[in-house]
Amino acid sequence: MSKPSYYMTTAITYPNGEPHIGHAYEYISADVMARFKRIDGYDVRFLTGTDEHGQKVQQTAEKEGITPYELATRNAQAIKTVDDEVLGISYDRFIRTTDEDHYEASQAIWRRMVDAGDIYLDTYAGWYSVRDERFFTEEETEVREDGERYAAETGTPVTWTEEESYFFRLSKYTQPLLDFYAANPDFAGPRSRFNEVIRFVEQGLEDLSISRTTFDWGVPVPKDLTEGETSLDHVMYVWVDALTNYLTGAGFPEVDSEAFGRRWPADLHIIGKDISRFHCIFWPAFLMSAGLDLPKRVMIHGFLHNAGEKMSKSVGNVVAPAAWTETYGLDAVRFFLLREFPYGQDGSYTHDAVVGRKNSDLANNLGNLAQRSLSMIVKNCEGAVPQLGELTEEDRAILAQAEELLEISRKAYEVQDFHHALERTWFVLGEANAYFAEMAPWQLKKTDLERMGTVLYVTAEVLRKVSLLAQPVMPTSATKLLDALGVPASGDAGATDASNEGPRSFAAFGEALEPGTPIDKPEPVFPRHEDPDEKAEA
RNA sequence: CGGGGGUUAGCUCAGUUGGUUAGAGCAGAGGACUCAUAAUCCUUGGGUCGCGGGUUCAAGUCCCGCACCCCCGACCA
């Protein structure tokens with residue numbers, strides 16, 4: 001009775017600076033997805049890490065007088081620390097593209113593409129800007145008054161440069177890709193982003209330069225394949241190596257291994273909208289060429305804007321994840337990011353918006369409902385979950401609404417619609433608050449103790465279901481709630497390597513609270529936000 | 001320039017295959033209650049659905065034009 005596999009990844013980060021809240025958005029959302037699947041009975045493998053090769057890393061390292069590997073190690077450690085200590089990311093492996101097995105995997109996929117006849121040696125020529133370290137197309141450049149040619153976008157001088165490069169026959173895959181998209185309409189989401197990709201491919205694809213000779217910080221192109229053609233040392237274009245990390249994490253190139261058979265193809269790649277082309281075009285084409293299965297889904301999330309403005313260093317509105325979690329608390333941040341805006345669209349945050357969610361959704365609607373119902377249980381039910389009497393229509397209605405949340409959430413998570421899952425869950429919480437007020441157990445206390453017990457039971461049971469579903473989003477707080485409700489500990493809220501079985505798994509969703517379970521005097525789980533600035537001003 | 005998306009109550013947004021008085025949350029106003037984290041519940045929203053035309057018995061919902069905003073237009077992680 002082995003669990004079904006669920007293999008998912010984030011994009012690997014190019015470690016050229018401190019991670020900001022936008023990075024955190026991707027890690028957190030992926031973490032929520034991973035925890036949900038674990039609690040729902042899947043054998044999850046969640047891969048994240050760093051993309052460490054490339055000219056910029058090499059140059060930065062030279063400037064600092066250290067090796068590229070030393071620099072990459074330092075920066076990778078910074079990212080990993082944020083994952084571990086600030087965001088609580090439950091990855092199964094933090095992969096680095098400098099890992100030994102990744103070199104093997106990258107060279108193995110290269111060989112497969114050569115075997116398929118899809119790699120050939122040629123010359124890459126174009127307008128190159130030394131300062132920007134990139135090529136520009138003819139249209140992207142302009143000749144100015146001084147007679148020199150400049151990049152229009154960045155204003156840096158460009159020179160005509162030709163360099164030897166290996167090319168991948170991407171053009172060959174134009175039609176196969178289009179056929180694949182047509183046959184797999186859910187391959188990428190959201191639909192609007194996927195459409196952009198399709199339109200791009202419909203214009204026809206050109207072959208892709210996939211190696212470099214001007215620097216050496218990268219995965220070497222297998223020497224035995226090149227020695228007959230050139231004396232130059234080629235390293236792989238970073239994207240060939242970077243994308244291949246998803247295969248490395250699955251055990252490639254051991255394609256006959258149990259692990260690879262189980263993990264590949266990946267169930268989900270989570271990425272940002274800036275790299276959709278690499279994941280939706282290049283990556284499937286590489287895999288087709290290598291004779292490997294294609295991932296089942298690529299989910300493209302939006303970007304985070306600070307009060308409607310793009311985050312940028314020059315504007316000075318870049319937010320560090322730690323600054324947020326210190327101000328609002330990690331669980332509130334996680335909840336806000338997933339509840340506030342639809343995944344796949346850009347989102348804009350303000351301090352007031354975060355505080356609003358934290359106070360109204362968490363402290364008031366959820367935290368306070370738990371606090372008031374549990375307090376009554378402690379004071380009026382001998383400190384234990386009360387007996388359940390005969391159910392009224394109102395009882396059945398609110399229980400039924402809570403019951404539906406698991407299926408609603410499963411469907412939503414299947415397409416990474418976290419926003420919708422949480423919206424429905426909090427709608428039911430609103431109904432539960434109305435139910436509680438209408439039943440007025442504090443009145444029943446004087447007239448009908450048995451009925452009061454039933455109302456308190458029903459309320460607590462709704463809270464149990466909501467808390468179970470809240471675990472992936474707010475692991476710490478949901479755990480506290482389940483503790484307070486007397487649900488026996490199990491599963492560790494979807495953490496890496498936790499069993500994720502037992503009364504806190506979704507398998508137990510359809511069960512119910514055990515009458516007689518002792519309940520302690522509750523402590524507020526979601527405190528209201530206290531704004532130090534307002535205090536000072538007041 | 002070409003292609004795509006958007007423009008709905010103070011704010012953030014839902015609005016199915018066109019059909020009675022255009023919805024939710026938050027904020028605001030009034031009331032209720034007192035179990036609870038001054039939380040909760042009830043009541044309360046006369047917004048030209050960006051602008052101008054058109055199709056239709058009927059359009060936020062389809063068509064055309066215009067304005068503004070955003071996205072994409074190949075090797076930049």
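We use all heavy atoms of the structure for the numbers below, so side chains are in, but hydrogens, waters and symmetry mates are not. Throughout, protein chains are lettered first and strands after them, A, B, ... in sequence-line order, and every chain is numbered starting at 1.
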K.L.:
I want to verify a distance call: between B:A36, B:A74, B:C75, whose nearest atom is closest to the A:Lys379 side chain?
P.N.:
B:A36

K.L.:
Nearest whole Å is fine: how far is B:G25 C1' from A:Phe335 CZ?
P.N.:
12 Å

K.L.:
Any strand is fair game: report the nucleotide pairing with B:C51 by Watson-Crick or G-U wobble, both distances under 3.5 Å, or none.
P.N.:
B:G65

K.L.:
Can you figure out which of B:C35, B:U40, B:C72 approaches the side chain of A:Arg193 most closely?
P.N.:
B:C72

K.L.:
With distance as the sole criterion, is a donor-acceptor pair present between the side chains of A:Ser373 and A:Thr459 under 3.5 Å?
P.N.:
no

K.L.:
In whole Å, I'd like the distance from the CG atom of A:Leu205 to the C1' atom of B:C75.
P.N.:
12 Å

K.L.:
If you check the A:Ser360 side chain, which of B:C26, B:C35, B:C72 turns out closest?
P.N.:
B:C26

K.L.:
So, OP1 or OP2 of B:G2: does either fall under 4.0 Å of a side-chain N or O from A:Gln203?
P.N.:
no

K.L.:
Taking the side chain of A:Ala434 as heavy atoms from C-beta outward, which of B:C41, B:U34, B:C75 is closest to it?
P.N.:
B:C41

K.L.:
Would you indicate which nucleotide in B:C35, B:C76, B:A74 comes nearest to any side-chain atom of A:Phe278?
P.N.:
B:C76

K.L.:
Could one point to a donor on the side chain of A:Asn368 or the base of B:A36 with an acceptor on the other under 3.5 Å away?
P.N.:
yes

K.L.:
Taking the C1' atom in each of B:G5 and B:G10, what is the distance between them to the nearest angstrom?
P.N.:
26 Å

K.L.:
Under 3.5 Å, is there a donor on one side chain and an acceptor on the other for A:His420 and A:Tyr343?
P.N.:
no

K.L.:
From the set B:C75, B:C76, B:U37, return the single nucleotide nearest to any side-chain atom of A:Tyr237.
P.N.:
B:C75

K.L.:
In whole Å, what separates the C1' atom of B:A58 from that of B:G6?
P.N.:
26 Å

K.L.:
Does the plane of the ring in A:Phe278 sit parallel, tilted or perpendicular to the ring in A:Phe282? Use 30° and 60° as the thresholds.
P.N.:
perpendicular

K.L.:
Does A:Phe168 form a side-chain contact (heavy atoms from CB on, under 4.5 Å) with A:Tyr173? I'd like the steps, not just the answer.
P.N.:
CA-CA 10 Å; A:Phe168 173 73; A:Tyr173 290 94; 3.8 Å; yes

K.L.:
Assess, by modelled atom type and distance only, whether the side chains of A:Tyr435 and A:Asp395 contain a donor and an acceptor separated by less than 3.5 Å.
P.N.:
yes

K.L.:
Hey, which sits more toward the 5' end of RNA chain B by its nearest nucleotide, A:Leu366 or A:Pro342?
P.N.:
A:Pro342

K.L.:
If pairing requires Watson-Crick or G-U wobble contacts with both distances under 3.5 Å, which nucleotide is the partner of B:G45?
P.N.:
none

K.L.:
Does A:Arg372 have a side-chain nitrogen or oxygen under 4.0 Å from the phosphate oxygens OP1 or OP2 of B:U37?
P.N.:
no

K.L.:
Write down the partner of B:U16 under the Watson-Crick or G-U wobble criteria, each distance required to be under 3.5 Å.
P.N.:
none

K.L.:
Looking at A:Asp99 and A:Arg93, is there a salt bridge between them, counting it only when a charged N and a carboxylate O are closer than 4.0 Å?
P.N.:
yes

K.L.:
Looking at B:C71, B:U34, B:G3, which one has an atom nearest to any side-chain atom of A:Glu196?
P.N.:
B:C71

K.L.:
With respect to the phosphate group of B:U37, does any side-chain polar atom (N or O) of A:Asn364 fall under 4.0 Å of OP1 or OP2?
P.N.:
no

K.L.:
If you check the A:Phe436 side chain, which of B:C35, B:C71, B:A39 turns out closest?
P.N.:
B:C35

K.L.:
Taking 4.0 Å as the cut-off, does a side-chain nitrogen or oxygen of A:Asn365 come that near to OP1 or OP2 on B:U40?
P.N.:
yes

K.L.:
Both A:Asn433 and A:Ser373 contact RNA chain B. Taking the nearest nucleotide for each, which residue is further toward the 5' end?
P.N.:
A:Ser373

K.L.:
Please give the distance between the P atoms of B:C66 and B:U56 as a whole number of Å.
P.N.:
23 Å

